[in-house]
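Written out below as structure tokens is the structure these notes cover.
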Amino acid sequence: MAQVMIAGSAVLDFVYQMEHLPQLAQKYQANTVEVVGGGCAANAAVAIARLGGEAQLLAHFGRDEVAQTVLTDLTGEGVDCSLCDLAEGGRSAVSSVYVDAAGERQIMAFRGNGLARDPSSFDLRCDAVLADTRWPEAAHLVFELGNALGVPTILDGEAPVPIELAASASHVVFSEQGLAAFTGIPDWRPALVQAAKELAGFVAVTRGGDGVAWISDGIREQAGFSVDVKDTLGAGDVWHGAFALRLAEGADEENAMRFASAAAALKCTGLGGRKAAPNRETVENFLEGQN
């Protein structure tokens, strides 16, 4: 079983389903509400565990009820949280998430305060490393350790993306927003070319339902999968988790991206953020049906 270390954000999400996203300073009525764990790194860790990998999470919390709720959920999913930091007097991260009838989402995030800045040192043993940009000190540490091991080190390129952090990863996969922020170029095609000039490793951009594009002797594209979208919350995180797991298992980038796109698409067919993340059998059966 492949082992993946994941570093970055873990939060508690309050997810409200409604017909239209809020636009005015007034009261709105939600159709349903879910309280679910979230955060880029935590969502990716759950995706990896459900897809048959071993996931170890490095995240920071305050020592509070939010942390207790999030960590109980993560350990219940099979994620190893033994390296997570709980700061006395700190406040853990929470978000309010609004999801409309088309599955698009709007997020108001509180990223916590009084949390540990520098992670404790530890001995890394894994087959791949994945980090988001929300705890840069932890990301730098796990990339340093992962590069020393010679395993893939993958950055989830959500804005802001520090150049020093991106340059230390073997694989950088941006969102379109993250890519535009990193390069200052709004059009993803020239932005992807520019990012590849600045970074020595593998560079790609996820484009939601439009699939993924990457640089390999020019721009190459892989189409997304057509599904009935109910909720896009956490889809990018599931994508990165699935991609990291397949690289850890020895797959090449193109096959890893196809697997990741399938996992992310299936997540979008259910409500409640990462609650809808699929298992391995579901993804493999879905891919067999696409051939």
Side-chain angles (χ1 to χ4, degrees), residues 1-10 39-49 51 53-60 79-80 83-84 118-175 178-179 181-183 192 195-206 212 214-216 236-257 259-260 263-264:
M1 185 182 295
Q3 299 177 317
V4 183
M5 161 62 71
I6 311 100
S9 65
C40 301
N43 287 344
V46 169
I48 289 165
L51 292 168
E54 291 186 10
Q56 185 170 42
L57 178 67
L58 177 61
H60 54 182
V79 176
D80 180 351
L83 294 179
C84 289
D118 296 317
S120 300
S121 60
F122 58 90
D123 185 26
L124 182 66
R125 290 290 180 267
C126 65
D127 301 297
V129 170
L130 170 65
D132 63 34
T133 60
R134 299 301 183 244
W135 190 7
E137 294 83 3
H140 278 291
L141 175 61
V142 296
F143 283 172
E144 179 182 355
L145 296 173
N147 289 330
L149 285 177
V151 302
T153 51
I154 304 110
L155 178 64
D156 178 351
E158 284 284 355
V161 183
I163 180 63
E164 300 84 0
L165 183 58
S168 67
S170 64
H171 296 70
V172 181
V173 184
F174 294 95
S175 65
L179 179 62
F182 181 75
T183 62
L192 186 61
K197 291 178 181 178
E198 297 183 31
L199 302 172
F202 178 85
V203 179
V205 57
T206 56
V212 60
W214 69 102
I215 297 293
S216 179
D237 309 330
V238 169
W239 194 101
H240 284 86
F243 179 69
L245 176 60
R246 289 297 288 129
L247 291 185
E249 293 172 340
D252 62 30
E253 287 88 357
E254 193 165 351
N255 283 313
M257 288 188 292
F259 180 85

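Predicted model only: the values in this text are computed from it and were never measured.
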Q. Roughly how far, to the nearest 0.5 Å, is the CE atom of M5 from the SG atom of C126?
A. 6.5 Å
(Q) Set out, in order, the CA-CA distance, both residues' side-chain angles and the distance that settles side chain to side chain contact (heavy atoms under 4.5 Å, CB included) for L58 and W135, then state yes or no. (A) CA-CA 10 Å; L58 177 61; W135 190 7; 4.1 Å; yes
(Q) Show, in sequence, the C-alpha distance, side-chain angles and deciding distance for V173 and T206, and conclude whether the side chain to side chain contact (heavy atoms under 4.5 Å, CB included) test is met. (A) CA-CA 7 Å; V173 184; T206 56; 3.7 Å; yes
Q. Measuring from H240:NE2 to I154:CD1, what's the distance to the nearest 0.5 Å?
A. 9.0 Å
Q: Would you indicate whether the side-chain heavy atoms of D156 and D237 approach each other to under 4.5 Å?
A: yes
(Q) Classify the ring geometry of H171 against F202: parallel below 30°, tilted from 30° to 60°, perpendicular beyond 60°. (A) tilted
Q: Compare every heavy atom of A45 with every heavy atom of A55, then report the nearest pair and how far apart it is.
A: CB-O, 3.4 Å
(Q) Please determine whether side chain to side chain contact (heavy atoms under 4.5 Å, CB included) holds for the pair L124 and V129, giving the CA-CA distance in whole Å, both sets of side-chain angles, and the decisive distance to 0.1 Å. (A) CA-CA 10 Å; L124 182 66; V129 170; 3.9 Å; yes
Q.
Is the shortest side-chain heavy-atom distance between L57 and D80 below 4.5 Å?
A. no
Q. Would you say S170's side chain and G201's backbone share a donor-acceptor pair under 3.5 angstrom?
A. no
Q) V172 and A169: which non-hydrogen atoms are nearest, and at how many Å? A) CG2-CB, 4.0 Å
Q) So which heavy atom on A260 is nearest to which on A242, and how close? A) CA-CB, 3.7 Å
Q) Tell me, do I215 and L192 make a side-chain contact under 4.5 Å, heavy atoms counted? A) yes
(Q) Could you report the tightest heavy-atom contact between F122 and S120, atom names first, then the distance? (A) CD2-O, 3.3 Å
**Q.** Heavy-atom closest contact (D132 atom, A41 atom, distance)
**A.** OD2-N, 3.2 Å
Q) With a 4.5 Å heavy-atom cut-off, do D127 and E249 have their side chains touching? A) no
Q. How long is the span from the CG atom in L247 to the CZ atom in F259, to the nearest 0.5 Å?
A. 11.5 Å
(Q) Using the rule given for side chain to side chain contact (heavy atoms under 4.5 Å, CB included), can you reason through L199 versus I163, listing the C-alpha separation, both sets of side-chain angles and the distance that settles it, and then say yes or no? (A) CA-CA 9 Å; L199 302 172; I163 180 63; 3.9 Å; yes
(Q) Please give me the minimum heavy-atom distance between L141 and P119, naming the atom from each residue. (A) CD2-CG, 3.7 Å
Q.
If I take atom CE from residue M257 and atom CH2 from residue W239, how far apart are they, to the nearest 0.5 angstrom?
A. 6.0 Å
Q. Does any non-hydrogen side-chain atom of R134 lie less than 4.5 Å from one of E158?
A. yes
Q. Just how far is it from atom CG of L245 to atom CD of E54, taken to the nearest 0.5 Å?
A. 10.5 Å
Q: Could you tell me the separation between the CG atom of N147 and the CZ atom of F143, rounded to the nearest 0.5 Å?
A: 8.0 Å
Q. Counting N and O atoms only, with roles assigned by atom type, does the side chain of T183 sit under 3.5 Å from a partner on the main chain of A195, one being a donor and the other an acceptor?
A. no
